[in-house]
Amino acid sequence: MKLKYRWMTALVVLPLALTGCTATTNTADTTTTDAAASGDKVTIAVVTHGSPGDTFWDVVKSGAEQAGTDLGVTVTYQGDGDPVKQSQLIDAAIAAKPDGLIVSMANPDGVQNAVEKAIAAGIPVITINSGLDQSKEFGAQTHIGQSEFIAGQGAGEQLAEGGVSNVICIIHEAGNTGLEERCNGAADTLGGTVTNVQVDVANVADAQNTIKSSLLADSSIDGVLTLNPGIAVAASQAIEEAASTAVLATFDVSSDVTQLILDDKILFAVDQQPYSQGYLPVTFLTLQARNGDVVGGGLPVYSGPGFVTKENANQVAKFAKNGTR
């Protein structure tokens, strides 16, 4: 398959010279090293919307913790998918007076006050993954991630090239504006129909049944676009159980996803490189604390999108097995 986004594909094989999800709700993990050996002691707090059972956020967490180890800084990680609880975790992080704060904003309005409190307290903030459009408005220094709408446009274009015209787009987190943008982007370029279907990432078995039911109810559905690797695996099984010929594509990568690509059961995966989303902001904030460097210039730093296809899946698979892709 000829890819219009060939330039983006290069992103997924970019050597992570920096090295190389199940996030637990309201759980803190701390990686501590002898910061004195590398310079001033630095503490970076990470508060995401990672939900239990979501392997994507394990990769983000691994990247952040590895950066802490490499740079000799303390990194704390907490996550909760409820914006109210996430805001409470941000408030608790502010009270600990870290040298920098990293926040994902799946529900920007829900965490806005907490993020602005951190900035008012003089704590530099970098947003990651979700909330690109609101990041600068809220006062964050930069955003690390991808434009979800542009990534969705790329997915829609490639599905269209694959002959797909009637897609169900599986949203696995209610209220996550970034996921909705992915579906909107796909609808913008597909040249066909995109229908959003809501499932819960915390109940993959139920999500599989929902996808299967949608396929059985409408035999004209010829494409399934999932937005999470765990849901992608469930969708692959749902397609088989429904005896459907629908083409499956997904956002985000895992060892299971790369294998399904190699087995011709997933057409492609959109890769935003979550390890970089954890590693890079810790690096940026450490540079700021130790050397006054402010990275981004008020603009986002894109970690994607890239595309993993059968052409490059083997290259990505070896990193996915290590839990860094």
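Basis for what follows: all heavy atoms, side chains included, without hydrogens, waters or symmetry-related copies. Computed from a predicted structure; not experimentally measured. Note that the numbering runs from 1 along the sequence shown for the chain.
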Go through the side-chain N and O atoms of [X] and [Y] and say whether any donor and acceptor fall under 3.5 Å apart.
X: Thr48; Y: Tyr77; value: yes
X: Glu157; Y: Thr189; value: no
X: Asn184; Y: Glu180; value: no
X: Asn228; Y: Glu173; value: no

Quick one: pull up [atom1] in [X] and [atom2] in [Y] and give me the separation to the nearest 0.5 Å.
X: His172; Y: Leu227; atom1: NE2; atom2: CG; answer: 6.5 Å
X: Ser214; Y: Ile221; atom1: OG; atom2: CD1; answer: 5.5 Å
X: Thr226; Y: Ile266; atom1: OG1; atom2: CD1; answer: 6.5 Å
X: Leu248; Y: Leu267; atom1: CG; atom2: CG; answer: 8.5 Å
X: Gln153; Y: Leu190; atom1: CD; atom2: CG; answer: 12.0 Å
X: Ile231; Y: Thr250; atom1: CD1; atom2: OG1; answer: 9.0 Å

When you compare the side chain of [Y] with that of [X], does any pair of heavy atoms fall below 4.5 Å?
X: Gln146; Y: Arg182; value: yes
X: Val308; Y: Ile261; value: yes
X: Leu285; Y: Asp99; value: no
X: Tyr279; Y: Gln66; value: yes
X: Phe319; Y: Thr258; value: no
X: Pro98; Y: Ile123; value: yes
X: Ile144; Y: Ser276; value: no
X: Gln86; Y: Val103; value: yes

**Asked** Is Leu287 linked to Val125 within one hydrophobic cluster, defined over Ile, Leu, Val, Met, Phe, Trp and Tyr using a side-chain heavy-atom separation of less than 4.5 Å?
**Response**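 Leu287 and Val125: separate clusters.
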
**Message:** Using the rule that Ile, Leu, Val, Met, Phe, Trp and Tyr join whenever any side-chain heavy atoms are under 4.5 Å apart, tell me whether Leu159 and Phe149 fall into a single cluster.
**Reply:**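 No, Leu159 does not connect to Phe149 through the hydrophobic network.
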
**Message:** What verdict does the side-chain contact (heavy atoms from CB on, under 4.5 Å) test give for Thr324 and Ser62, after you've listed the backbone C-alpha separation in whole Å, the side-chain angles of each residue and the deciding distance to 0.1 Å?
**Reply:** CA-CA 7 Å; Thr324 59; Ser62 294; 5.7 Å; no

**Prompt:** Tell me, which pairs form a side-chain hydrogen bond (donor to acceptor under 3.5 Å, both in side chains) where one or both residues lie in residues 193-212, sequence neighbours left out?
**Reply:**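 Qualifying pairs: Gln208-Glu241.
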
**Request:** Evaluate side-chain contact (heavy atoms from CB on, under 4.5 Å) for Gln134 paired with Thr127, printing each intermediate quantity in order.
**Result:** CA-CA 9 Å; Gln134 295 82 8; Thr127 58; over 6 Å; no

**Evaluation steps, side-chain contact (heavy atoms from CB on, under 4.5 Å), between Val59 and Arg325** = CA-CA 7 Å; Val59 180; Arg325 291 298 290 272; 5.9 Å; no

**Item:** Candidate pair His143 and Met105, rule side-chain contact (heavy atoms from CB on, under 4.5 Å), full reasoning
**Value:** CA-CA 10 Å; His143 178 88; Met105 301 195 301; 5.9 Å; no

**Item:** Main-chain N/O of Leu299 paired with Thr142 side-chain donor or acceptor, under 3.5 Å
**Value:** yes

**Request:** Would you check if the side chain of Asp222 reaches a backbone N or O of Asn166 as a donor-acceptor pair within less than 3.5 Å?
**Result:**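 Indeed, once roles are kept as given, a pair shorter than 3.5 Å links the two residues.
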
**Message:** Under the side-chain contact (heavy atoms from CB on, under 4.5 Å) test against Ile44, which residue among Leu101, Thr283, Ile126, Ile102 passes?
**Reply:**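 When Leu101, Thr283, Ile126, Ile102 are each tested with Ile44, the side-chain contact (heavy atoms from CB on, under 4.5 Å) holds only for Ile102.
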
**Message:** Please enumerate all residues that pass side chain to side chain contact (heavy atoms under 4.5 Å, CB included) together with Lys117, with sequence neighbours excluded.
**Reply:** Asp91, Ile94

**Message:** Test of understanding: with side chain to side chain contact (heavy atoms under 4.5 Å, CB included), list the residues that count as partners of Ala186, not counting sequence neighbours.
**Reply:**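 Ala186 satisfies side chain to side chain contact (heavy atoms under 4.5 Å, CB included) with Leu225 once adjacent residues are dropped.
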
